Every structure is written in C-alpha cells, then in structure tokens.
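Lettering follows sequence order; numbering is per chain, from 1. Bear in mind the structure is a predicted one, so any value in this text is a computation, not a measurement.
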Amino acid sequence: MTEGIARIWRNQRDRYNLIGTHCEECKNDFFPQRKICPVCRRKGKLKEKQMPTTGKIYSFTLVTGGPVGFDYETPYYLAIVELDNKVKILTQIVDSDDDKVKIGQPVKAMFRRIQTHGEEGLIAYGYKFKVV
Amino acid sequence: MKGRDVYVIGAGMSSFGEHWDSSLRELIVDAAIKAIADSKIEGKQLQAVYGGCMASGLFAGQEHVGALIADYLGLNPLPSTRLEAACASGSVAMRNGIMAIASGFYDVVAVGGVEKMTDVSTEMASTTLGGAGDEEWELFNGATFPALYALMARRHMLEYGTTEEQMAMVAVKNHANAAKNRYAQFQKEITIDTVMKSQYVASPLKLFDCSPLTDGAAAVILASGDVAKKICEKPIKLIASSQASDSLALANRASFSSLRATQIAAKEAFTQAGIKSKDVDVAELHDCFTIAELMAMEDLGFCEKGKSGKMVEAGQTKIGSDIPINTSGGLKGCGHPVGATGVKQIVEIAWQLRGEATGRQVKNAEIGLTHNVGGSGATAVVHLLKKDF
Amino acid sequence: MAKIMKSDASVRSASPVINAGVGIVSYGYFVPRLRIKVSDIAATWGKDASVGESLGVKEKAVGAWDEDSCTFAVEASRMALKATAGANGGSGINPQEIGAIYVGSESKPYAVKPSAAIVAEAIQATPSLTAADLEFACKAGTAGMQMAMGLVSSGMINYGLAIGSDTAQAQPGDALEYTAGSGAAAFIIGKKNVIATIDDTYSFTTDTPDFWRRQHAEFPQHAGRFTGEPAYFKHVQGATQGILEKTGTTTKDYDYVVFHQPNGKFPLRVAKSLGFGDEAVKQGLITPFIGNTYSAASMIGLVSVLDVAKPGDKILLCSYGSGSGSDAFVLTVQDEITKPNRRPSVKLLDYIAKNKKYVDYAGYAKHRKKIKHIE
C-alpha cells in the first residue's frame, strides 16, 4: 500500500517529538501545531515548540472494539494526558499495570508503532505514554 | 428567529434498522415520498432540496448525494445540495432549508437526511465514524467514538459522581420509548441489568450505552408562512435554529463534562425564541451514548450541571414527566443513521406537536426542542419548534 | 575446548593503537516490559522445564505488538542523550552535534529503509548527519561503535551514536526460541566528556556458517552445536586473545569482562578458557534475565558494568556475530562518570527487575504476530 504515505510523513516530526506551537502573544502552547493562534488570531506570533514529554492522566478508557488496523491490538488503553504545560493530548497508554491506569497518574512519552499498513507497507511511529 | 416565518408542513421517515434489502437511494426516496405526501403539496411546488449525509462515500462508495436524491425523487432539475457535519449533518441540512425560506429565497423546500451504515464491517464503520473526530490526532491513535465519549463519561463521573447505573437508566428509558415507536430499530424494552451486564466497548461505556449502526432516512417539507397557512392543517413553526462549533479534537476542549457548543447553541436558540428551557414540553436529545444525553440535559438547562444522573434516576425525563426526553427512543433506541438523525428528531417533534405520536404522545405538547451533535461536540445544532394551529 | 587460534602477531603489532582520547560519552538501554518464562515455552512444545537451567536463562524479554528494534533503538538513544545532561557544565549534548548514527540489528522492521534515519528524526539529530543500518548477526552494534570511533578519531564528526537493537526472532518450537530475547543499548561516542575511554579495539573475522537468515526467510536457521566451538568460542577467544596481545595486557588487568551472551553459560565458559574469573563476568551477564538480545547482547552487558563502574576500572568487551566475527574493546573508566546526571537514572538490573509483566505462550504468540490473522 503506498497511498497516504505523504500523509504519515508530514506529521512524523511532530509525532516523534511532540512538536507543537507556542504563541508569543498570549503565551499559550498548542498541540498539534497550528498556523493561526486560536486565541489571538492574526495578532498571534506562533513558533514551533517541543511539548513536555511528561504529564498526568486526565481521563482514560479501555478500548475493546478497535477501528480498522487496531482490531488485532485490542484491548488497549486510550487516555487524555495533560502535559506539564497543561496542554492535553489524546494517546494510548502502554506498559502500565491496570491498577495504575487512573486519573492523576504521572506518565511519560514513549516511542511506539501506531499503525502499520499491513505486513508489507509503511509503519507509522508516534507517541504513546506509560505510567511512571 | 430572524427573517420570514418558516414551518414544517410535512414529515416522514423510513423505518430505522438493518435494512439488508434497501440501498441509500431507496431509503431516502422512502422518507421523502412520505414527507411530500404528508405535506399535501405537489412535488413540482418544491424549489430546492437539502440533504444531510455524513459518510456515504465510505459507507456506500457513493458521493454526490444531492444529485442522487433529486434524480431518484424525479425532482430534476431542482437545485439539490448535500450537507455534512458528521452526526449533525441532518440538522445542518435543516438549517440551510430554514435559512433559504427565512431569507425569502425560496417558499417551499424539502430537507432530508440519510445514512446506509450496515454495508460495511463493524471495524470499517468504526473507522468511518472516527472521521467525525480528528483523523490525524485521534483516529490515527486508535480513538473510536465510544472511546471519546468514554473519556467524557469518566470525567463526568469524577466531577459529579455520575454512575454507570444512571447512564444505564438512560438506555432503559430510551428503549422503553422505542418499543412504542414502530419506526424504531429496537422494539424491545430492556432492564438496567441488560445494560450493566453487557460487555464494555470502551470502559465505562458498555454495548448498551451505545447507539447502534443503523440504516435509515427522514425528511420534512418546509414552507414559508403564506404557503403553510394556505395548505397545511397542522403547521409547526420553527422558532429557533442555532448552531455552534468547538475544537474538532476532544483534547483541545477546556471541559470534558459538558459540550460548549451545545451550551452556546442552546443559549442562542432560547434567545431567538424568547423562551426558557422550562417552557419546552418535549425534547429529542443527541444520545449517541448514554452519557451524551446526560451532558445535553445539563448543557440545555433542563437541570443543573451535574444533576442529570439524579434526574434520570428520578424518572423525570420519562413520558409523563415534566420534560420527556427522546420519546422516539433517541439515537439509542430508535437508531442512529448518522446523516438522518437530525431530521428524524424534527420529524418526531413535529409528530408530538401535532398529537400524532401514537403510543408515546406527550400530552398538550406545545413546544419541542431538538439537539444534534456532530463528532464529539465540535458541532452542535439546536432547533425549537412550536405548535401553531 | 578448541585450541585458541594463534593470530599473526606481526600484523597485529603493526596495526595502530587507538589512543586519541576517544571513548563513551554516555549510554542508554531499553528492555521491553513483557517476559515469558522459558519453562512456559518448554511446556508448549512438550519439553522438560529444566531446559532453562541448562541454558542458564530463566526468562526472556518480549517486545509487544507495537514495539520493534527501531522503537527500542529510539528509547535507548533518548536515554543516552538524557544521560549527557551533566556534561559540558550541565548543558548536555545537543543532538544536532551527533554526526553519525549506526543501528546494528538483525530484526530490522524494514529490510530496506534505515532504522538509523528514524532514530535520527526521533532524537532530533536530523538533517546534518550520516546514518546507516548495519548487519553482522549479533555484533552489528559493536561494528557501529568501531565506525563511530573511526569518524570521531579522524575528526570527521564530534559525536557518533552506535546502537545495538533486536527483537530477536526465533521459529516457534526451535531451540533458539528459549533464549531469543529483546532489547537495545546505545552509546554516544566522542572525544570530549567521556565517561570511559576506549583505549583500543581489535576484530577477528572469518567466514563461518553457523547461523543465518536468508533474504526472504522469516526466521533464522542455525547449525546446532556447530555454533559453539568453531563459531562462538573460536572467534571470542581469537579477538580477546588478540586485544590482550595488542595492548600488552593480561586477564588480571581487568576489573570487568563482557562477552557476547547467546545463553547464560557460554560467556562463563569462554571466560574460564581465557583465564578470567566468574566474578569479572557476572556484572555484565544479562542474558539470564532477558534472554539473548542479539545485537544488543554484549553492549547491554557493558551498560550493566558501566552502571556500577568506578574511575580507573578497566573493562574488556568482546562481541560475537555469527558468520562470524568478534570485536574486542579495552575501556578505562574516567572521573567524568562520577559527575551528577552522567548515567541513566535507573540501573539496568533494577529496571529489568522492576519493569516486567509476564505473558503466557499465547500472549507471546499474539504479541509477536505468530498467530495467523487475516486482516
């Protein structure tokens, strides 16, 4: 499968390293990247910024029915993590005991496979988090 | 509401369910013919068609649904347009029909909504619906819609003490209502036990907390005041139509225990109509998951923030209570053909206000509300309707 | 025990001694969380549970379905970078200064498409660097160390990153399955801020067909007991003997010795044959806990040694890769290692002991995609 390759590629850097944006005007951080500051709009001054790689679980769920490409991987934890700069991101939680996956638990970013295009296609890597 | 008066003068829907023998086009034709017949207008009086459909491309391989509808209704060469706002597609089509008449551009239009969802696997349906969220940052990471609403449910439970049993009660109520609606997908009542013992799909949400995959269509005929008063015996007046947007991805929201788009659309709608939430007699709420109905009750002002669980527990949203919610069975019991849902809600309220909701009729219903959500809350649409005969 | 092959001393003494201050700037490791007990594997195939004892391996680390040698390499590299935090007066090392990345692995997620470039992107070292994947069975990682040393010593680059990483593959039911583990180790090689100098290196290579995987084969094949005497022992002995001669040192000069460890027994046997005591081997013997991590195996042993090493300690490292070859290194631990934030915050052995979750054979088969599944 070769379709959608550029779609994976163009987000690679941001997914590998949690690159978002910072607005020098309102001092807010955003992830994923934005071209226009949703707070300041045209007055905003955006620049790239690496997000912190640690945070806390804000909410979570154990997914037992996955979409295409994830059906083999169920069950998996999906969570909203509030990073140390208060930016929230959606991510899977891996490598963590069931009783540790709960709201408020500190977590850190890991580098993992997210999707694979079958056995012969591209592997899309990105972030997942684990309870520390 | 600004502009000319707009009325619902006809309403119809296909039955909702797994229609193995019906295609996308057959479903919408079925609903549209019923609505046109109900309105007593001639097809040639229609001036435009607005169709809501979320994902016919992925569900059925068919785009250009506007043209398909006009063609198969024999309405060529009328302008026919498809509108998409995920699960709020039907309501957005509705708004476009309303605005076309309110502005004076047209006098009579047809508004429909349709989705054919059962021709693909459950995984594919899950992926397709996932497109209602943020494909690059949610679906890519394995988010399903039950998962997104589960993340909200978990916060609501934490912040307000809402329980899984209270969520289950929403499903029980909506199934009970659906059992009295011959168009509904589910014709059987269920118990709290049924819900609680069903398997988790995305904890804390279980299978019976989720609306099903559904094939179905709904349609209404809208007309200006002049036309409505002339030909319609039971015109239902649109007294508000509002829509608000929010971040596409759930993660970027300030709160997970309420939908800001719903709150804003509700405020706007009540202002347009000059009424308050307590004036509403019957309401169709977007209960794609049981938690969604609870949040909507709060965001629309039917109860205080955090009190929806208790309100459902007290039976205060059943038929016969002060504010019966989802008399059709809602998305949960009646079914949720995503593009059709917003229009179906209007159909149900029109029937209620006309006194034609046999078996589930709300007594003396004068004002009805519909609330339709796209995605995890990135779009919310509220309509208010009033009996005007 | 095979007779130790005498190498040509005249050729060796003519080769230059590397002593330009090049060494290890920092190191990192990664071991996946899942474990399977060797006894569970044995039970699945109806073998006696004592097989683990005879191999000296109790359990092995298993990568989860969303892990591969590339994700391990990234985690190990990030840890190595983090462990430079105390260097340069607390400013650490900017990944942009890394001029070369080499990933040694025999379980590359792509046959063609460099893991090294993925690692480079994931540690923000792109785009001004050279990168390549290396393959020499279990010694590709140490080959990368030598290449990085060469580039650093010549002044072509300031820092090089050498990684050994594998999700060791084994045919279900094959003897390899008991020991084929998973893990990675990463070393930043440079001249400044080194925690251990690499005083010299010597390699010993011949064409020996003890283990291979053909281009399109899913699992490697091996020559059974032939992998022992004419393969592992001959090359490890040859390289170790060679570097001792080249550096004019003896076994007694070393506080620690780390050998490639395909199982828990071979390193002890080869150490004994060369005259090293068990004590020198023990700290670097990791295979008993996580299995043979292939390209990472000897490097991860060095990680464990560096975790506890003190300034002045001398370490001898010798890898082995089937096919066959061994790279030997002589290291001297420097004062830099005692500075704060110059080693990973958790020692490898502690990490291994605390960060694990057991799976049964079914779980292992699912995670490693050994179950036929139609998508």
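Note: A:V63 leads A:V63, A:V87, A:I8 in heavy-atom pairs under 4.5 Å with chain B. Considering only heavy-atom pairs separated by less than 4.5 Å from chain A, the leading option among B:A249, B:A202, B:S121 is B:A202. When each of B:T122, B:T128, B:V201 is checked for heavy-atom pairs under 4.5 Å with chain A, B:V201 comes out on top. Counting heavy-atom pairs closer than 4.5 Å to chain B, the top-ranked of the candidates A:T61, A:I114, A:T64, A:D14 is A:T61. Residue with the most contacts toward chain B among A:Q92, A:Q115, A:R15: A:R15 (heavy-atom pairs, distance under 4.5 Å). The residue among B:T144, B:D134, B:L250, B:L158 with the most heavy atom pairs within less than 4.5 Å of chain A is B:T144.
The closest side-chain donor-acceptor pair between B:S257 and B:E159 falls under 3.5 angstrom. Side-chain polar atoms of B:K188 and B:H175 form no donor-acceptor pair below 3.5 angstrom. Defined by atom type and a distance below 3.5 Å, a donor-acceptor pair is present between the side-chain atoms of B:H371 and B:T262. Between the side chains of B:S56 and B:Q62, not a single donor N or O lies within less than 3.5 Å of an accepting N or O.
For B:L205, no part sits under 4.5 Å from any heavy atom of chain A, backbone or side chain. Both the backbone and the side chain of B:E136 come within less than 4.5 Å of a heavy atom of chain A.
At least one donor-acceptor pair under 3.5 Å links the side chain of B:E298 to the backbone N or O of B:S308. Looking at A:Q105, its side chain never comes within 3.5 Å of a backbone N or O of A:K56 through a donor-acceptor pair. Side chain of B:S242 to main chain of B:A265: a donor-acceptor pair is present (N/O by atom type, distance under 3.5 Å, no hydrogens or angles). A distance-only check finds a donor-acceptor pair linking the side chain of B:T127 to the backbone of A:V68 [under 3.5 Å].
Of residues 74-81 of chain A, those residues with a non-hydrogen atom less than 4.5 Å from any non-hydrogen atom of chain B are, in numerical order, A:Y76, A:L78, A:A79, A:I80. Listed in order of number, the residues of residues 18-46 of chain A that approach chain B to under 4.5 Å between heavy atoms are A:F31, A:P32, A:R34. Identified by a heavy-atom distance below 4.5 Å to chain A, the contributing residues of residues 145-153 of chain B are B:A147, B:L148, B:A150, B:L151, in residue-number order.
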Which is it for B:V92 and B:Q243 under the side chain to side chain contact (heavy atoms under 4.5 Å, CB included) test, yes or no, and what are the steps along the way? CA-CA 8 Å; B:V92 168; B:Q243 180 180 343; 3.8 Å; yes

Take B:N141 and A:F70, measure what side chain to side chain contact (heavy atoms under 4.5 Å, CB included) needs, and give me the verdict at the end. CA-CA 9 Å; B:N141 286 312; A:F70 292 87; 6.0 Å; no

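Residue B:S255 holds its OG atom at 8.0 Å from CG of B:D299, rounded to the nearest 0.5 Å. The NZ atom of B:K267 lies 14.5 Å from the CG atom of B:L300; values are rounded to the nearest 0.5 Å. Taking CG from A:N11 and CZ from B:F140, the interatomic distance works out to 8.0 Å, rounded to the nearest 0.5 Å.
By the 6.0 Å and 45° rule, B:R154 stacks over the aromatic ring of A:F60. With a 6.0 Å cutoff to the six-membered ring centre and a 45° limit on the axis angle, B:R155 counts as a cation-pi contact of A:Y58.
Under the side chain to side chain donor-acceptor pair (under 3.5 Å) criterion, B:H336 pairs with B:T341, sequence neighbours left out.
Taking the six-membered ring for Trp and thresholds of 30 and 60 degrees, A:F129 and A:Y127 have ring planes more than 60 degrees apart, a perpendicular arrangement.
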